[in-house]
Peer 1: 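One structure, as structure tokens, below. Some questions next.
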Amino acid sequence: MKNREVAQILDEIATLLEIKGENKYKIAAYQEAARRIENLPEDIEKLFKEGKLYQIKGIGESIGQKIKEYLTTGKVTYLEELRKEIPPEILELLKIPGIGPKLAYRLYTELGIKDLESLEKAAKEGKIRLLPRLGPKVEQNILEAIKEYKEKQQVSERIPLGVALPLVEEIVNYLSQYPFVTDIVPAGSIRRRKETIGDIDILITTNDMDKVNQVLKSLPILRNILAAGTTKTSIIVEPGIQVDFRVVDKSSFGSALQYFTGSKAHNIKLREIAIKKGLKINEYGVFRISDNKKLCGEKEEEIYEILGLQFIPPELREDQGEIESAMEGKLPVLIEEKDILGDMHVHTDWSDGANTLEEMVEMAYRLGYKYVVISDHSQALGVAGGLTPEQIEKQRQRINELNRKYRDFKILHSIEANILSDGSIDLPEEVLKNFDLVIAGLHSGFKQPKEKITERLISAIKNPWVDIISHPTGRLINKRPAYEVDFPAILYWAKETGTVLEINAQPDRLDLCDIDARMAREKYGIYLSIGTDSHDIRSYSLIKYGIYVARRAWLRKEDVLNTYPWEEVKLKLKRYKEKR
DNA sequence: GCCGTTTTCGGCCCGACTGTTTTCAGTCG
């Protein structure tokens, strides 16, 4: 699938046009098209072949032609021309906070700066301050920003939600203890539960701004303060993450929360709708344009209400159709954590888990689940103590015994089998057929060519005894990209065979991701299962990350397999269908 | 460059902060 590639090309065009100082609306058009395509829950190539390219909003004649050229020839002449005009190395300058396209272009044309090294050298030699409208302060800020950037390079650019969320909870707990902090709510991409977070936005209501700012200065994990205004304070906390605090008045709390939750695209769309209704939205409230009268602002819900929209859950606020749905009153009722009746992917110390089967089962029971799917590794994964057919048989007997101990709770015997390099499963059919269900996943050979990996996965999907594919794309956030695979083909065969795809809730996996999961359900009608892939009893709590992905994928309770009682799950699994 | 329940042309979200400035452009979110 080339969605991401196309989006990156359009983004690069936009950036190069920005540096050139092109019309800002033209630039915005490229950025908008890039964003649309990156988040598109459909294969752009498929749409192109079906002649539906121009049905995507934001793609008109000019951008459409460039996409067409890329998909047919693999290059975009327009972009290559632009690259000749502006050396791509300049793009590196834009990564430095405080350097935008205008300044980057001036530094390049007036001082010949085209990379970080020459930038740092020029700043140290005091050459930048000699340019008109630039001074020593700019020079100093550039040097500091370069230093900060280099430090940040050590870590990754965007941090996983699984790292950011606990950090935010720590900060919120710390500040909550002060009586003058009356409200403290994380906003931004954290609140939208995006899989990675650029920086953290936290909103505070208080009757004493000075004290809040004072307290922020003594935050234990504080590294340094970037900016401290009367309404905004930006800091860096360990381990190198920016946190923006916004101190707001109670009467504006709802508006501020809405504004800072974003996304940017979502907010722009809302403000456009507001204008058509004679209203203006900003972070302080909703105002009538005619007399500037403030109509609301204290509660977030009021903003959507006054625009004639259903309340839109933060996870959906990406301008991916949620506003149109809300307008028609057709937003989905999103799945919630309480809807999950059982964890669909759990390991024990029979393979590489840290806790015993008994401990894992007992914890699942105590969490209030109705069932748990025990899915240890199979024999081919030697490093993980994968189970042989004999061990599997023993484990089944133990599970049968345990099942007699519990009422209103079922232990399901499964396996996370390996898809071997030829696409076969590392257990014979007579073993596979005895499980309650079988999960299969790729654990090796990620570097095989795209055709080969696609073949392997499809072969596993076609296996009548494989019910669920675990972590279907194999990506590890910030560590390993998804393996090369013909994803639409995977979806097609999953649909054809009734195979379920997993949303793996491990915070570094979140695989399928939100966009893929939405595509699987919305365009192909495939069921998703959510499993924590737990290897110890504490990891059951990670289910919430799977729920976040599902919600961002627009999934309702009924779209997710493990919201159904086991007897109903059976009706949806292909192994039981084929026996009927 | 895209788009249209007032538009096929004339619009295109909103505000804070910073640095260098006597009024504002650039950057950021």
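In the text below, chain A, chain B and the rest are named by the order of the sequence lines, each starting its count at 1.
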Peer 1: Under 3.5 Å, is there a donor-acceptor pair linking the side chains of A/Glu5 and A/Tyr70?
Peer 2: yes
Peer 1: Should B/dA25 form a Watson-Crick or G-U wobble pair with both distances under 3.5 Å, which nucleotide is its partner?
Peer 2: B/dT18
Peer 1: Assess the side chains of A/Asn173 and A/Ser176: does a donor N or O sit below 3.5 Å from an acceptor N or O?
Peer 2: no
Peer 1: If the P atom of B/dG10 is compared with that of B/dG15, how far apart are they to the nearest Å?
Peer 2: 26 Å
Peer 1: Can you tell me how far P of B/dT27 sits from NZ of A/Lys95, to the nearest Å?
Peer 2: 17 Å
Peer 1: Which of the following nucleotides, B/dG1, B/dG15, B/dG19, is nearest to the side chain of A/Lys137?
Peer 2: B/dG19
Peer 1: NZ of A/Lys264 versus C1' of B/dC28: gap in Å, rounded?
Peer 2: 8 Å
Peer 1: If you check every side-chain atom of A/Asn23, which of B/dT27, B/dG1, B/dC14 has the closest atom?
Peer 2: B/dG1
Peer 1: Rounding to an integer number of angstrom, what distance separates B/dG1 and B/dT6 when you compare their C1' atoms?
Peer 2: 23 Å
Peer 1: Return the value, rounded to whole Å, for the distance between atom OH of A/Tyr284 and atom P of B/dA16.
Peer 2: 4 Å
Peer 1: Which one, B/dC12, B/dA25, B/dG15, comes nearest to the side chain of A/Tyr25?
Peer 2: B/dC12
Peer 1: Which whole number of Å gives the distance between the C1' atom of B/dG11 and that of B/dC17?
Peer 2: 28 Å
Peer 1: Can you tell which of B/dG1, B/dG29, B/dC24 lies closest to the side chain of A/Ser62?
Peer 2: B/dG1
Peer 1: Please give, in whole Å, the distance from B/dC14 C1' to A/Ile275 CD1?
Peer 2: 9 Å
Peer 1: Looking only at atom types and distance, does a side-chain atom of A/Thr261 sit under 3.5 Å from a main-chain N or O of A/Ala187, one as donor and one as acceptor?
Peer 2: no
Peer 1: Tell me: CD1 of A/Ile273 to C1' of B/dT5, nearest whole Å?
Peer 2: 13 Å
Peer 1: Could you tell me how far apart A/Lys102 (NZ) and B/dG19 (C1') are, to the nearest whole angstrom?
Peer 2: 17 Å
Peer 1: Counting side-chain heavy atoms from CB outward, which of B/dC14, B/dG1, B/dG29 is closest to A/Lys280?
Peer 2: B/dC14
Peer 1: So if I take every side-chain heavy atom of A/Asn141 and compare against B/dG19, B/dG1, B/dC14, which nucleotide ends up nearest?
Peer 2: B/dG19
Peer 1: In whole Å, what separates the P atom of B/dA16 from that of B/dT21?
Peer 2: 24 Å
Peer 1: Give a yes or no on whether the backbone of A/Leu510 and the side-chain of A/Arg475 come within a donor-acceptor separation of less than 3.5 Å.
Peer 2: yes
Peer 1: Just to verify, which of A/Asp183, A/Thr182, A/Thr206, A/Thr205 counts as forming a side-chain hydrogen bond (donor to acceptor under 3.5 Å, both in side chains) with A/Lys250?
Peer 2: A/Asp183
Peer 1: Can you check the A/Glu32 CD to B/dC3 C1' distance for me, whole Å?
Peer 2: 11 Å
Peer 1: A/Asn282 side chain: which of B/dT18, B/dG1, B/dG15 is closest?
Peer 2: B/dG15
Peer 1: Can you tell me the distance, in whole Å, between the NZ atom of A/Lys24 and the C1' atom of B/dC28?
Peer 2: 14 Å
Peer 1: Can you classify the ring geometry of A/His266 versus A/Tyr304 as parallel (below 30°), tilted (30 to 60°) or perpendicular (above 60°)?
Peer 2: tilted
Peer 1: With the side chain of A/Leu103 defined as its heavy atoms from C-beta on, choose the nearest nucleotide among B/dA16, B/dT27, B/dC14.
Peer 2: B/dT27
